[in-house]
Amino acid sequence: MPEKFLKPYDPSETESRTYDTWEKSGLFNPDECVKQGVTSADAPAYSIVLPPPNVTGRLHMGHALMLAIEDVFIRYKRMRGFRTLWVPGTDHAAIATQSVVEKQIKKDENKNRHDLGREELLKRINVFALESHDTIVNQVKTMGASLDWSREAFTLDESRNKAVNTVFNKMYDSGLIYRGHRIVNWDPKGQTTISDDEVVYEERTAKFYTFRYSKDFPIPVATTRPETKVGDVAVAVHPDDARYKEFVGKEYDAVFCDVPIHIKIVADKEVDPEFGTGAVGVTPAHSQTDWDIADRHGLSHEVIIINEFAKMTVDGRIKDKKTTEAREIVVEWLKTEGLLEKEEDITQNVATAERTGGIIEPLPKLQWFIDVNKKIEGRGKTLKELVIEAVRSKQIKIIPEYFEKTYFHWVENLRDWCISRQIWYGHRVPVWYRGEEIAVGEAPDGEGWMQDEDTLDTWFSSGIWTFSTLGWPNETEDFKNYHPTDLLETGYDILPFWVMRMILMTEFTLGTIPFKTVYLHGMVRDAKGRKMSKSLGNNMDPLDVTAKFGADAARMALVVGNTPGTDMRISEDKVKGYKHFANKLWNIARFILENTENTPKNHVGRGTSYMIEGDLKILYEHDVLVKDVTADIEEFRIYMAAEKLYHYAWHELADKIIEESKPIFAGEDAGARASRAQLLLTLLDHTLRILHPFMPFITEEIYQSMPTKDSEFLMVAKWPAEPVVQKKDVESA
RNA sequence: GCGCGGUUAGCUCAGUUGGUAGAGCGCCUCCUUGACGUGGAUGAGGUCGUAGGUUCGAUCCCUACACCGCGCACCA
């Protein structure tokens, strides 16, 4: 028995050494597996593309969970003989990364992006992104993730840029990408548009004011934003509202807080007669709903009263004031004029920007959009329909299944996707202008072309991640071999943001699905069930956890009992429990190796030639476990598989089988001893194999000392899929 | 308002096709010093949210309700 077993198991010593050895072997790369003869060249492929972590800093426990789950499937498939590919990468995360760096620069140097200029800011962001990248890669490796680093990708590198431009061009040519002047979510703090799903609603209490535009205005109007009323062009009421019917169609002039306005009364079914006074002041340029009302009644969109800095642009006393200041001034004016009829408290949802926290100001802007409702030539369907169909037809399976409802619900509410951003970090919109001329896709030859200043929504490049990482648009072997990918594993919180968009982009570009199965994990919370956050100070750093308890323990703690789609709680105590388990396993190995040292070579193996009946039965029961665990993994119940393995190793193998073995080894019956030795070696060998996807390090380390070892690494050893004992052999006993 | 999920042992959660419930941690009692004290053996503890229904039989299927969590929409 090797001396290492005389000491307690030390993950910190073992894990980094083992990962290095694996990496050097090249066997994370399926081509290398074929070359070295551990995988057959015509074996079926299995692929996962890693959801790329944002280069905004470091990984959190959610990432650790993702890595643990995906590595389970990857290692399992590799051992089953598949040509198994797991592609690593990181996401530039455009706005998220830029705002982190901008904040830092503001703090350190009190400068904003305009002080630095585009080039300098990008330089700084790239430095930061590179540092983050290195930290992240190191963290990923620490978790034991068997990713093929030779294929690493970045959402903003040259190859991905080519893919992005190609897709953009194709969408533009088919008329799905268009430039339009529309209301967008403008973030005054971040100075950019954001998409609908980057908007976060915060419940706040606000004042709800009921007023009239002037003394002789016939209808009272209620609003939480009196300052915007200088931009009103109409008042909308419900067509059936008896109170206001007689005024519909009439027009009025007024001077509202120094600003001349012209108001038409219109009837619109969207107005809720029960809410407020049942009359809506219509501000087309600063509200999506109002814009739509204006469209329906032929009203002007042109009255713009707020600028990109959320300041008033009208003349008079509120000129250049921030909207919040202007609100107070307008209310004051209303009071003085005797036009304010009521003031009450209501709770309302305020739209804020996910990244900056700025309050969204809806503004009309010229932006690039993807049309989700236009029939695609040649397909006869809209993007929305394609995205629904891919899941409804069961081509893509979502786990847990009930998330399909959320998915459909989400897609049905989908509107055109605004893809241009007024930030600098990201894929530049691949459009060039020269006077009236426009060029799309790649930079045109000739003088005087100016590229669009904007960049693309970060989800545009992550939407094509499953195939951009495989070398597309080049016709690569990887793309042919590994796409569509087999599994997409990610948190349920980005089902609409990302999963849906990958389906959308892939369906459009390739006419196929991007992946066959979507496995959604839940959120990782602290021991009290709270979200982990900086402000609460309850973050767990995966690096700290693995340093303290080992990556194997961290992985088990994250996987055992963690059903898909359900949030989980994690605490150091839980991880500690699995560190104990690792040590238990170590001692199981120690006992077995110690007591089987003199076993003749021909007794070592996975056969049953020397086994007596009782031992055959124990081996048969183990076969059943292997079968169960295999089925659990195949059917995505890895939370169950992990628990069964834990239970078997500790409470069957250690507590029962090993305990029973002590008197046998101390006894006189040589036949029983030989049988038991063969049994224990087989049980341990199989247990290591099927536990390997979950606890790769310790199992590999023990395997290296096993007399049953039949491959250089456990990582590429065979999964014991075939039962050793036939049922009839046991039943006859 | 629409939708989704949850409600099972003190705590955290499982329970794969309906057959009077399981794990981990915690707790009680005991044992043990050559595999492991990061150990072993026992035990206590649940009318499976409430009310109906289907069934020979329901934690599991159906209906309603309550409470908790979440998503979407509205928010003039």
Side-chain angles (χ1 to χ4, degrees), chain A residues 1 5-9 196-197 201 203-204 206 208-210 221-226 228-229 232 234-237 268 270-272 275-283 286-290 293 346-351 400 402-414 492-493 495-496 522-523 525 527-529 549 553 556-557 560-563 565-571 573-574 576-595 628 631-632 635-637 639-644 646-647 650-651 653-656 658-659 661-662 665 680:
Chain A
M1 185 188 62
F5 287 106
L6 297 174
K7 287 182 285 184
Y9 178 62
D196 293 343
D197 28 67
Y201 292 94
E203 197 165 270
R204 292 184 190 177
F208 195 44
Y209 303 97
T210 304
V221 170
T223 183
T224 53
R225 298 199 62 185
T228 64
K229 299 298 103 183
D232 283 9
V235 164
V237 298
D268 196 289
E270 290 299 302
V271 178
D272 176 4
F275 190 83
T277 62
V280 183
V282 181
T283 326
H286 299 286
S287 151
Q288 181 65 53
T289 327
D290 294 7
I293 293 175
I346 60 159
T347 56
Q348 63 162 10
N349 286 325
V350 178
Y402 60 76
F403 268 100
E404 287 183 2
K405 288 182 186 167
T406 311
Y407 177 85
F408 292 133
H409 189 231
W410 217 92
V411 175
E412 276 149 22
N413 287 315
L414 193 63
Y492 65 73
D493 55 331
L495 175 67
M523 304 297 107
R525 298 169 176 277
K528 291 176 184 165
F549 305 107
M556 279 297 271
V560 172
N562 184 6
T563 45
T566 308
D567 292 353
M568 72 168 316
R569 302 182 182 203
I570 192 137
S571 61
D573 276 347
K574 189 171 179 189
K576 199 161 129 196
Y578 292 100
K579 185 188 168 144
H580 293 177
F581 177 59
N583 193 56
K584 187 76 185 176
L585 206 61
W586 191 246
N587 283 295
I588 288 170
R590 176 176 168 183
F591 177 89
I592 292 178
L593 291 174
E594 203 169 33
N595 285 282
D628 275 4
D632 283 339
E635 286 154 40
F636 301 99
R637 293 186 301 265
Y639 58 96
M640 183 77 72
E643 195 175 321
K644 281 178 186 163
Y646 173 89
H647 191 263
W650 202 314
H651 300 300
L653 183 54
D655 290 349
K656 298 202 179 107
I658 285 184
E659 286 304 324
S661 303
K662 289 176 183 174
F665 287 126
L680 288 182

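So that the names make sense, note that chain A is the first sequence line, chain B the second, and so on, each numbered from 1.
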message = Can you see if the side chain of His409(A) gets near the phosphate of rC2(B) - specifically, an N or O under 4.0 Å from OP1 or OP2?
response = no
note = For rU42(B), the nucleotide meeting Watson-Crick or G-U wobble distances (both under 3.5 Å) is none
key: Pairing partner (Watson-Crick or G-U wobble, both distances under 3.5 angstrom) of rG57(B)   = none
ask   = Distance check: side-chain N/O of Arg637(A) vs OP1/OP2 of rU16(B), anything under 4.0 Å?
value = no
Phosphate-side-chain proximity, Thr566(A) and rC13(B), N/O vs OP1/OP2 below 4.0 Å = no
Among rA73(B), rC72(B), rG5(B), the one nearest Tyr402(A) by side-chain distance = rG5(B)
task = Would you sort out whether Lys644(A) and Asp632(A) count as a side-chain contact (heavy atoms from CB on, under 4.5 Å), showing the intermediate values?
result = CA-CA 10 Å; Lys644(A) 281 178 186 163; Asp632(A) 283 339; 2.7 Å; yes
key: rU7(B) - base-pair partner by Watson-Crick or wobble geometry, distances under 3.5 Å   = rA66(B)
query = For rG34(B), which nucleotide in any strand shown is its Watson-Crick or wobble partner with both distances under 3.5 Å?
reply = none
inquiry  = Heavy atoms only, 4.0 Å cut-off, all strands: where does Val282(A) land among base, sugar-phosphate and nothing?
reply    = nothing
query = Under 4.0 Å: is that the gap between some side-chain N or O of His651(A) and OP1 or OP2 of rA23(B)?
reply = no
task = Would you mind pulling out the nucleotide paired to rG71(B), Watson-Crick or G-U wobble, both distances under 3.5 Å?
result = rC2(B)
key: Strand partner of rU12(B), provided both Watson-Crick or wobble distances fall under 3.5 Å   = rA23(B)
message = With a cut-off of less than 4.0 Å, is there a side-chain N or O of Thr563(A) near OP1 or OP2 of rA14(B)?
response = yes
ask   = What's the closest nucleotide to the Glu594(A) side chain, out of rA35(B), rU16(B), rC75(B)?
value = rA35(B)
request  = Keeping the roles fixed (side chain from Thr563(A), backbone from Thr566(A)), state whether a donor-acceptor pair exists under 3.5 Å.
outcome  = no
inquiry  = Looking at Trp650(A), I'd like to know whether one of its side-chain N or O atoms comes within less than 4.0 Å of OP1 or OP2 on rG40(B).
reply    = yes
task = Would you indicate which nucleotide in rC75(B), rU38(B), rA35(B) comes nearest to any side-chain atom of Lys662(A)?
result = rA35(B)
key: OP1 or OP2 of rU16(B) under 4.0 Å from side-chain N/O of Tyr639(A)   = no
ask   = Where the side chain of Asn583(A) is defined as all heavy atoms beyond and including C-beta, which of rG71(B), rU38(B), rA14(B) is the nearest nucleotide?
value = rU38(B)
ask   = To the side chain of His580(A), which of rC4(B), rG39(B), rC75(B) is closest?
value = rG39(B)
task = Would you please confirm or rule out a distance under 4.0 Å between OP1 or OP2 of rG40(B) and any side-chain N or O of Lys584(A)?
result = yes
task = Classify the nucleic acid contact of Thr347(A) as base, sugar-phosphate or nothing, counting any heavy atom under 4.0 Å across all strands shown.
result = nothing
inquiry  = Here's a test of your reading of the structure: between Asn562(A) and Ala654(A), which maps to the more 5' nucleotide of RNA chain B?
reply    = Asn562(A)
message = On RNA chain B, does the nearest nucleotide to Asn413(A) precede the nearest nucleotide to Ala582(A) from the 5' side, or the other way round? Give the residue.
response = Ala582(A)
